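Computed from a prediction, not measured in an experiment: that's the story for all the values here.
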Amino acid sequence: MRISNITALCAAVSCAGLSADELTLSGGASRLTGNVRSIDGAGVVILDSPHSPTPLRLRGAAVDKVEFETKNPPPEPPPGLIELTNGDRIPAGIESMDDHQLTVLSPVGGRIEIPRDALASVQLGVRNTRSIYSGPRSLEEWTENEPDAKNWTFKDGALIADGSATASRDVGLPRRFILRFTLKWQPRQTPNFQVHFADPMKVKGEPCDRYYLQFGGAGLEIKRESATGKRFNTIVQLNRTPNQYTDQLIRVEIRLNRDTSRLHLFINDEPEGEFIDPIAPLPDGSGITLVSHASNGTTQEIRAIDVIELDDLRTRHHAEDRGDPETDSLISREDDRWSGRLIDIRTSNGARVFRFKSDFQDEPMEIPEADVSTVFFASPEDAPAAGKNPPFVLKTSGEGSLSVTSCSFTEDKASAVHPLLGPLEFRRDGITAMERSEP
């Protein structure tokens, strides 16, 4: 199932600290705040609003997205991520598994029993990713080393450039990181952005090893600058011009693993591909430089800059060929692989053990949970159908995403119905957002 206009809500909500539920109305131009009481199967939202003596009743087509108030810090992310056959994700720890179902413990949803034929994969060793930077928080933190910052202003969490301007900051980029930011420009104007990353922050104009993303009238590119040899080399090129983004906005996510020379690009939450940097040595800088090459009188802004440490082991395993879809597959943390059937998950001597019957061995193997990276489950021909796509997607902390038909709320609980799992109950403070699915 594809979801329209998905943003990195978990990060955005935790950073913004919403003080009330916030509704984005159809088209994104208008917003309402208050306390959401319920959302039914037809999409009707009942909202307690401080501007109305009685609850507001908003028809389904009027609301695109609900972001929920964050009163408390999100619960600690669990070590596992469960993916269902319809693409939904549940962050949870594993309790047990038998021939019929997997039982997991979710910090948001409590104990959940998942039918085996509704399982697509289980990823383990999912650790809490470390936030390196989130901002911008002020103009000074990006311009203190820039001698002339007169063309920059800071407003509502955005750095706004009027004409030509440069800003930079050493954010301490690790060897593997995720860089996210949002670029926005004015209607009937042509943007001209550059965002340099893995930047050693050399003297302006001095050749160095780094990357930069360039976005303007000709489209989007990621180039590799080199201190020796050919100075500029194109790594990524997208011939997608600014007029194709009708809201004058793009969200960019770059995942860079400098240990493997691999770079992943996402635009507006859609993957654009994986790319290899063939040039040695790899850039080892830890800074980011923002450059506006716009003409005077042209304003453009950058906001929602997030840097997160990248743990791509589970991403790599999940992206690889899982093998025969008619059998279970198990991948260890050391990259050993087996096909066959996962018999069960049980506790032995105080630790969980995966009992896996390989196609090439007579007796089941007993693999400690700490040694397991990913399990892919067979896709039986008689697997239950989920029916038509439910109208909403419920977002939870820790990368959770669940399709639901309706949701009702109390002060601290939320109750929803899932097409594969049936009725579910969640901690309200673990829910970050609810979005309308694509029809």
Side-chain angles (χ1 to χ4, degrees), residues 129-152 154 159 161 164-183 192-216 220-237 252-266 272 274-294 300-312:
T129 54
R130 182 168 62 101
S131 175
I132 307 298
Y133 173 82
S134 184
R137 298 179 287 259
S138 69
L139 180 61
E140 290 70 27
E141 68 171 355
W142 283 90
T143 59
E144 61 181 355
N145 297 319
E146 297 295 334
D148 187 2
K150 64 181 181 181
N151 287 346
W152 286 109
F154 178 79
L159 288 170
S164 178
T166 301
S168 60
R169 180 178 174 84
D170 189 336
V171 298
L173 293 174
R175 292 290 297 173
R176 299 183 300 273
F177 62 85
I178 300 172
L179 169 62
R180 299 183 181 125
F181 53 88
T182 297
L183 304 176
N192 196 337
F193 290 100
Q194 281 187 355
V195 177
H196 301 253
F197 55 99
D199 192 343
M201 317 288 284
K202 296 284 188 179
V203 175
K204 189 173 182 179
E206 180 180 341
C208 59
D209 291 298
R210 62 179 177 178
Y211 302 93
Y212 69 89
L213 177 143
Q214 181 170 292
F215 180 64
L220 184 147
E221 283 186 287
I222 294 180
K223 287 183 175 288
R224 164 73 146 87
E225 183 177 352
S226 180
T228 59
K230 185 180 178 182
R231 184 171 178 182
F232 300 108
N233 299 269
T234 298
I235 302 294
V236 182
Q237 186 166 16
V252 177
E253 178 175 316
I254 298 167
R255 300 180 182 181
L256 179 63
N257 185 337
R258 288 187 267 195
D259 295 330
T260 62
S261 305
R262 294 177 181 271
L263 182 151
H264 288 76
L265 174 66
F266 297 76
E272 298 294 345
E274 178 185 75
F275 307 90
I276 302 294
D277 178 1
I279 304 168
L282 267 291
D284 60 2
S286 58
I288 298 173
T289 300
L290 314 174
V291 182
S292 167
H293 287 299
Q300 50 188 13
E301 67 180 60
I302 182 166
R303 62 169 62 242
I305 304 172
D306 289 300
V307 178
I308 303 166
E309 187 177 30
L310 172 64
D311 177 14
D312 68 347

Is the closest side-chain heavy-atom distance between F266 and R180 below 4.5 Å?
no

Using side chain to side chain donor-acceptor pair (under 3.5 Å) as the criterion, list what pairs up with E144, not counting sequence neighbours.
none

Evaluate the side-chain proximity of L173 to R258: yes if any heavy-atom separation is below 4.5 Å, no if none is.
yes

Run the side-chain donor-acceptor check on residues 280-290: report pairs under 3.5 Å with partners two or more places apart or on a different chain.
{"from": "S286", "atom 1": "OG", "to": "D170", "atom 2": "OD1", "distance (Å)": "2.8"}
{"from": "S286", "atom 1": "OG", "to": "D170", "atom 2": "OD2", "distance (Å)": "3.2"}
{"from": "T289", "atom 1": "OG1", "to": "D199", "atom 2": "OD2", "distance (Å)": "2.8"}

Determine the minimum heavy-atom distance between P136 and A304, stating which atoms define it.
CD-N, 4.2 Å

I need the Q194 CD to T166 OG1 distance, nearest 0.5 Å.
9.0 Å

Classify the angle between the aromatic ring planes of F232 and Y212 as parallel (below 30°), tilted (30 to 60°) or perpendicular (above 60°).
perpendicular

When you measure from the side chain of R137 to the backbone N and O of S134, does any donor-acceptor pair fall under 3.5 Å?
yes

Check N233 against I279 and note the closest heavy-atom contact, atom names and distance.
ND2-CD1, 3.3 Å

Between Y211 and F197, what is the ring plane arrangement, given parallel below 30°, perpendicular above 60°, and tilted in between?
parallel

Report the C-alpha distance between I276 and R262 in whole Å, list the side-chain angles of each, state the deciding distance to 0.1 Å, and finish with yes or no for side chain to side chain contact (heavy atoms under 4.5 Å, CB included).
CA-CA 5 Å; I276 302 294; R262 294 177 181 271; 3.5 Å; yes

Would you say the side chain of W142 lies within less than 4.5 Å of the side chain of I302, judging by non-hydrogen atoms?
no

Please examine the side chains of L183 and Q300, heavy atoms only from C-beta on, and report whether any two atoms are closer than 4.5 Å.
no

So do the side chains of L310 and L256 get within less than 4.5 Å of each other, counting heavy atoms only?
no

Is there a side-chain contact between R224 and D209 (heavy atoms, below 4.5 Å)?
yes

From CZ (R169) to CD (E140), nearest 0.5 Å:
11.5 Å

Which heavy atom of C208 sits nearest to which heavy atom of P200, and what is that distance?
CB-CG, 3.8 Å

Report the distance from atom CG of D306 to atom CD1 of I132, rounding to the nearest 0.5 Å.
11.5 Å

Rounded distance (nearest 0.5 Å) linking atom CD1 of I235 with atom OG of S261
9.5 Å

What is the distance from atom CD1 of I222 to atom CD of E272, rounded to the nearest 0.5 Å?
10.0 Å

How far apart are the closest heavy atoms of Y133 and E141, and which atoms are they?
OH-OE2, 2.6 Å

Quick one, L263 and D277 - any side-chain contact, counting heavy atoms below 4.5 Å?
no

Going by the rule side chain to side chain donor-acceptor pair (under 3.5 Å), which residues pair with E225 if we only count those two or more places apart in sequence or in a different chain?
R210, R231

Do the side chain of N151 and the main chain of S164 share a donor and acceptor less than 3.5 angstrom apart?
yes

From H196 atom NE2 to M201 atom CE, the distance as rounded to the nearest 0.5 Å:
11.0 Å

Would a 4.5 Å heavy-atom cut-off, applied to side chains only, mark I254 and V195 as touching?
no

